[in-house]
There are 2 protein chains.
Amino acid sequence: MNKTTPAIKQDIKVSVDAIVFGYNQENGISVLLIKRKIDPFADQWALPGGFVHNEESLEEAVARELKEEAGVSINYLEQLFTFGKPDRDPRTRIISVAYFGLVKSADFSLFASTDASEAAWFNIYELPPLAFDHQEIVGKAIARLRAKITYEPIGFELLDARFVFSDLEQLYMKLLGHNIDRRNFKRKVMSLGLVIELDEKAPSIGAGRPGNLYSFDYEKYKQLKVNGFDLNKLL
Amino acid sequence: MNKTTPAIKQDIKVSVDAIVFGYNQENGISVLLIKRKIDPFADQWALPGGFVHNEESLEEAVARELKEEAGVSINYLEQLFTFGKPDRDPRTRIISVAYFGLVKSADFSLFASTDASEAAWFNIYELPPLAFDHQEIVGKAIARLRAKITYEPIGFELLDARFVFSDLEQLYMKLLGHNIDRRNFKRKVMSLGLVIELDEKAPSIGAGRPGNLYSFDYEKYKQLKVNGFDLNKLL
DNA sequence: ACAAAAGTGTTGCGGCTACACCCATGG
DNA sequence: CCATGGGTGTAGCCGCAACACTTTTGT
């Protein structure tokens, strides 16, 4: 915002990019990418995104692009960072507002099985070369995810509405890259009061005792958020 | 970033805004504001900022505007958030990338005493009405400052190169809004190893024993940052 | 000598880590 | 009946919060 109008005409375009994470047991933590069809970087993988329309908000733009390009609908979205180096796009100056999104495991699994050929999920530890500065953007998003999961219950956004405790455990371990004690982890999570135990058992697959099903308590989460709460490090 | 060029022409401008905090004993924690000269919101207080030039990075734009509008040079700067609601500016669509900056106490005090009439510092607890959505932006910046001070040593960026321990203490108390134990606070801060005690005493003002001077160890900070370090909550 | 501010040390409680045992299911 | 994974309990250590005394200066 300025007090004077700029002397020279501004020639900058605004786009949004989405870094969407999904998770399931087989594929681990994954990012949604699309294959570019035109130059520059034709046939390379890139983040879904596109130019912001004149009348829509940034969040609307992200949601629209995700639907158009990948048919995905998101259940958690927050702004990540704005990338604005003058030469980040070889064509012209483009400033991109990057958003960080999460999809439920059910949606992710559904989509992962189809081969829409244009869009695909990649495990965060096995990413292909990316167009533009998208490598850097994804790196920042992963760092955010890793940090955020230790102080906000976003892990639940990646699971199904009803989940087995070991799923949550594994998600944390895969993301943080080290083992965590099963029992201490459960005690900590339960002590937050955000997870409720259901009166239902998971179907048993193979050996071992079937676990209970749990679900995330959104109501309680909202309450706690208002009063301001500190999650202890979940390690 | 999109695979297709947008059908309709994009008509959005990009600006940067700066939320710069300063601190000294008398005035407390303050924000730098400028008085607008033209409509809309003529004669109202607003954040320093302005349109991004075609060839400069976002950070360069912030630095330039701060120099032009207030003659201030910053010693810490990070991106805060991007505000992009379609109607946040009554004239036309403007997306603003907000930056969060800190100035040293010495620079702040120097500037606070002059009355440049255009730019002025306001205590964060006594802000005037602000133009546009700048109230919201400042709110977000204060929240960030308050949160960040508990896990990163940005408090030092607001003090002089050499400072008395009670200054740091008071800064924290003023920002967090509650008392903290002098002795525990000092022990925690010193245990981080980021503060070194100098062989110099502060001049004594009025009653009481004069304190030692301390300084922030940037070298050690960089080292720790590389290895990844967790600051305990400083309460 | 007294007030005011800075420096330093100690103790006790709570929370976290590390660990072991029991339970339910499939093969 | 054995392997595999889920559920629960406990002891000991460490860290942090709460707190008191001494030191140095001005008046």
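Below, each value reflects all heavy atoms present in this structure, side chains not excepted, and no hydrogens, waters or symmetry copies. Every chain is numbered from 1 and lettered A, B, ... according to where its sequence line falls, protein lines coming before strand lines.
With salt bridges taken as basic N to acidic carboxylate O contacts below 4.0 Å, none links A:R162 and A:D160. A salt bridge links A:E68 with A:R64; the closest basic N to acidic carboxylate O contact falls under 4.0 Å.
Note: B:Y218 and B:F216 have perpendicular aromatic rings, judged against thresholds of 30 and 60 degrees for the angle between ring planes. Classification of the A:F163-A:F156 ring pair by plane angle, with boundaries at 30° and 60°, yields tilted.
The separation between B:E169 atom CD and C:dA5 atom P is 11 Å, rounded to whole Å. With rounding to whole Å, A:R209 atom CZ is found 9 Å from C:dT25 atom C1'. One atom, CG of B:N179, and another, P of D:dA17, lie 15 Å apart when rounded to the nearest Å. Residue A:D167 contributes atom CG, which lies 13 Å from atom C1' of D:dG5 at whole-angstrom precision. Counting to the nearest Å, the P atom of D:dG15 and the NZ atom of B:K188 are 13 Å from each other. Rounded to whole Å, the distance from CG on B:L168 to P on C:dA6 is 12 Å. For the pair A:I180 CD1 and C:dC16 P, the computed distance is 15 Å after rounding to whole Å. Rounded to a whole Å, the CG atom of A:N184 is 15 Å from the C1' atom of C:dG14.
Here the closest heavy-atom approach between residue A:L66 and residue A:P48 is recorded as CD2-CG, 3.8 Å.
Interface remark: the B:R187 side chain does not form any donor-acceptor pair with the D:dG15 base, using a distance-only criterion of under 3.5 Å. With hydrogens and angles ignored, a donor-acceptor pair closer than 3.5 Å exists between the side chain of B:R183 and the base of D:dA20. Between the base of D:dG7 and the side chain of A:R182 there is a donor-acceptor pair shorter than 3.5 Å.
Taking 4.0 angstrom as the limit, A:K186 places a side-chain polar atom (N or O) nearer than this to OP1 or OP2 of D:dT8. Proximity of A:Y214 to the phosphate of D:dG7: a side-chain N or O atom is located under 4.0 Å from OP1 or OP2. The side chain of B:S166 contributes an N or O atom lying less than 4.0 Å from OP1 or OP2 of C:dA6. Look at A:N212 and you won't find any side-chain N or O under 4.0 angstrom from OP1 or OP2 of D:dG6. For the pair A:K201 and C:dA24, the criterion of a side-chain N or O lying under 4.0 Å from OP1 or OP2 is not met.
Comparing A:V164 and B:G208 by the nucleotide of DNA chain D that holds the closest heavy atom to each, the one mapping nearer the 5' end is A:V164. Where A:A207 and B:F165 each meet DNA chain C at their nearest nucleotide, the meeting point lying more 5' is that of B:F165.
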